[in-house]
Amino acid sequence: MASCKAQKEGQSQGDPDIVLIAQDGFSGIQEYEAGAIKDTKSLNKFYSRINRTRKPGLPVPVVDFSQEMVIVVCLGDYQGQPKPVIARVAETDTDVSLALELGSASKEEIQTTVISNPFYVFKMPLTTKKVDIQKVAR
């Protein structure tokens, strides 16, 4: 049996409601950032930052913001090829807490890879609650 990389990534995700829809090794953003986007205008603004130095630019994912929202994670300067996993940790009447877990790179991988600025775009069901994203060590 053969399987594609995208299927493996989807299976490794910590929460079945949170789906990876886009990723790339270069965002141009050199500091860690993570946040929730709940409208098309904000998503387009994020992609304009990503595509500032690209010709042609990456396409903006199509998201139905009446039912879904987007979680964007930019890792800043990063060495290796991370495999991020986002999971819902806690939920109250006003807040949703998500945990971002990054797989650690092996010593061989760190020695042979360049520093990049990866970013990841996840979609999840829309909520009116405040979304808090915490980076946790594995």
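In this structure, CD on Glu91 lies 12.5 Å from CG on Asp132, to the nearest 0.5 angstrom. Atom CG of Leu43 is separated from atom NZ of Lys123 by 12.0 Å, given to the nearest 0.5 angstrom. Atom NZ of Lys135 sits about 12.5 Å away from atom CD of Glu101, to the nearest 0.5 Å. One finds the NZ atom of Lys55 at 8.5 Å from the OG1 atom of Thr53 (value rounded to the nearest 0.5 Å). Once rounded to the nearest 0.5 Å, the distance linking OH of Tyr47 with CZ of Arg52 reads 15.0 Å. Taken to the nearest 0.5 Å, the OG1 atom of Thr94 stands 8.0 Å off from the NZ atom of Lys129.
The environment of Lys45 atom NZ is sparse: at most 12 non-hydrogen atoms of other residues, nucleotides or ligands sit within 6.0 angstrom.
Judged purely by distance below 3.5 Å, without hydrogens or angles, the side chains of Ser42 and Asp39 pair a donor atom with an acceptor atom.
No single ILVMFWY cluster, assembled from side-chain heavy atoms under 4.5 Å apart, contains both Val89 and Ile71.
In plain terms, the two heavy atoms of Pro125 and Asp17 that are nearest each other are CD-O, 3.3 Å. Asp24 and Phe26 make their closest contact through OD2-N, 3.0 Å (heavy atoms, listed as atom of the first residue, atom of the second, distance). Gly25 and Ser116 get closest at one heavy-atom pair: O-CB, 3.2 Å.
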Scan the side chains in residues 58-67 for donor-acceptor partners under 3.5 Å anywhere in the protein, sequence neighbours excluded, and list what turns up.
unit_1: Asp64; atom_1: OD1; unit_2: Ser66; atom_2: N; d: 3.1
unit_1: Asp64; atom_1: OD1; unit_2: Ser66; atom_2: OG; d: 2.5
unit_1: Asp64; atom_1: OD2; unit_2: Ser66; atom_2: OG; d: 3.4

task: Quick one: do Ile29 and Ile50 satisfy side chain to side chain contact (heavy atoms under 4.5 Å, CB included)? Show the steps, please.
output: CA-CA 8 Å; Ile29 299 170; Ile50 299 297; 4.1 Å; yes
- request: Dump the intermediate steps for side chain to side chain contact (heavy atoms under 4.5 Å, CB included) on Tyr78 and Asn117, then the final yes or no.
  value: CA-CA 6 Å; Tyr78 198 86; Asn117 314 111; over 6 Å; no
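Using a 4.5 Å heavy-atom cutoff, the side chains of Ile18 and Leu98 are in contact. At least one side-chain heavy atom of Val96 sits less than 4.5 Å from a side-chain heavy atom of Arg88. In this structure, Phe46 and Phe119 have side chains that are in contact, with non-hydrogen atoms separated by less than 4.5 Å. Looking at heavy atoms from C-beta onward, Met69 lies in side-chain contact with Met124 at the 4.5 angstrom threshold.
Under the 4.0 Å criterion applied to side-chain N and carboxylate O atoms, Arg49 and Glu33 are assigned as salt-bridge partners.
Of the residues Val136, Ile86, Val85, the one that meets the side chain to side chain contact (heavy atoms under 4.5 Å, CB included) test with Leu100 is Ile86.
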